[in-house]
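These numbers come from a predicted model, not from an experiment.
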Amino acid sequence: GQNIDQPTEMTATEGAIVQINCTYQTSGFNGLFWYQQHAGEAPTFLSYNVLDGLEEKGRFSSFLSRSKGYSYLLLKELQMKDSASYLCAVKKAAGNKLTFGGGTRVLVKP
Amino acid sequence: DAGVTQSPTHLIKTRGQHVTLRCSPISGHKSVSWYQQVLGQGPQFIFQYYEKEERGRGNFPDRFSARQFPNYSSELNVNALLLGDSALYLCASSFRALSSLNTEAFFGQGTRLTVV
């Protein structure tokens with residue numbers, strides 16, 4: 001099976017930086033996704049890491065270390081609209097599916 | 001270009017009834033996956049279809065079935081509905097089967113099913 005762990009909830013101030021960690025245990029790792037999901041809406045694709053290192057996309061960056069089974073999503077210059085759940089999902093080479101963590105609810109305060 | 005579209009957006013059904021949910025993938029995408037998301041949890045995988053064949057099945061009872069049509073759209077069917085089937089049902093579209101490297105998945109807006 002797979003274990004994907006991420007914190008349940010985080011609070012940060014507008015303009016600040018927040019780092020959401022995700023650890024996983026899996027065999028046949030074939031990539032890790034980060035999605036943003038606002039309440040009552042569908043997940044929106046943020047990033048996909050398959051190789052070690054940092055991927056930067058504007059205010060959002062995602063990091064992967066395959067040897068450590070670890071990823072993080074970094075949100076910079078936080079805005080109120082960034083208040084949402086952030087989902088970490090792992091893809092395996094076999095099985096044709098994404099396995100999601102429980103999501104991290106981020107609350108941005110003024 | 002239209003993204004992943006799902007219908008209906010909301011649905012209320014009674015216990016014991018059956019339901020059919022529909023999904024149209026992004027144009028050019030040949031793979032569709034279905035996920036169930038219960039409130040407060042991450043999505044759980046139900047099925048994946050690629051080129052009209054089932055390529056993966058999650059840990060769901062036989063009451064759940066799906067199929068993919070020649071135009072790559074898909075239907076998810078749930079029979080004998082239970083209260084616990086109340087959830088957001090998400091469809092994800094990808095160009096290839098998800099087992100392929102560098103294949104990303106994009107979600108539709110979901111169908112919120114309430115079973116009463």
Side-chain angles (χ1 to χ4, degrees), chain A residues 1-9 20 22-24 26-51 55 57 62 64 66 71 73 84-107, chain B residues 3-7 9-10 21 23 26 29-51 53-60 66 68 87-112 114:
Chain A
Q2 295 180 187
N3 292 323
I4 301 173
D5 294 313
Q6 48 182 133
T8 305
E9 200 168 286
I20 306 169
C22 172
T23 58
Y24 63 90
T26 188
S27 57
F29 176 84
N30 197 11
L32 186 144
F33 291 81
W34 283 97
Y35 288 89
Q36 180 192 61
Q37 187 175 30
H38 286 99
E41 298 182 10
T44 303
F45 171 81
L46 290 178
S47 68
Y48 171 58
N49 294 70
V50 64
L51 299 176
E55 296 274 345
K57 284 186 180 180
S62 58
L64 176 68
R66 289 172 296 171
S71 173
L73 180 70
S85 285
Y86 291 85
L87 300 165
C88 169
V90 169
K91 183 172 70 157
K92 292 178 68 169
N96 284 314
K97 67 176 183 180
L98 295 178
T99 300
F100 284 85
T104 299
R105 192 165 59 193
V106 171
L107 177 62
Chain B
V4 183
T5 57
Q6 292 185 243
S7 63
T9 54
H10 295 83
L21 309 181
C23 171
I26 292 170
H29 283 196
K30 300 179 180 180
S31 177
V32 168
S33 301
W34 288 95
Y35 291 80
Q36 180 196 65
Q37 187 176 26
V38 174
L39 195 63
Q41 298 181 17
Q44 297 293 313
F45 173 74
I46 311 175
F47 287 109
Q48 191 198 55
Y49 278 78
Y50 176 65
E51 288 284 16
E53 291 186 4
E54 183 182 301
R55 296 298 186 97
R57 173 184 283 255
N59 189 23
F60 279 80
Q68 187 177 34
L88 181 67
Y89 287 85
L90 296 163
C91 172
S93 163
S94 56
F95 179 68
R96 291 180 291 260
L98 274 182
S99 55
S100 302
L101 200 62
N102 293 323
T103 297
E104 300 168 3
F106 300 90
F107 285 87
Q109 82 281 11
T111 294
R112 184 160 297 283
T114 303

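Qualifying side chain to side chain donor-acceptor pair (under 3.5 Å) partners for B/Q109, counting only residues two or more places apart in sequence or in other chains: none. Under the side chain to side chain donor-acceptor pair (under 3.5 Å) criterion, A/S62 pairs with A/S47, A/N49, sequence neighbours left out.
Here the side chains of B/Q48 and A/L98 are not in contact, with every heavy-atom distance at 4.5 Å or above.
Taking a 6.0 Å sphere around CZ of A/R66, one finds it holds more than 12 heavy atoms contributed by other residues, nucleotides or ligands.
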Check the pair B/L88, A/E41 against side-chain contact (heavy atoms from CB on, under 4.5 Å), reporting the backbone distance first and the verdict last.
CA-CA 9 Å; B/L88 181 67; A/E41 298 182 10; over 6 Å; no

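Taken from CD in B/Q37 to OG in A/S85, the straight-line distance is 8.0 Å, to the nearest 0.5 Å. Atom NZ in A/K97 sits 8.5 Å away from atom OH in B/Y35 (nearest 0.5 Å).
No part of B/Q6 comes within reach of chain A, as not one of its non-hydrogen atoms sits under 4.5 angstrom from that chain.
Not one N or O on the side chain of A/Y35 forms a donor-acceptor pair closer than 3.5 Å with the backbone of B/F106.
Pairing each heavy atom of A/A42 with each of B/G110, the nearest pair is CB-N, 4.4 Å. Heavy-atom minimum distance, A/L87 versus B/P43: CD1-CD, 3.9 Å.
Remark: aromatic rings of A/F100 and B/F45 are distant, center separation not under 6.0 Å.
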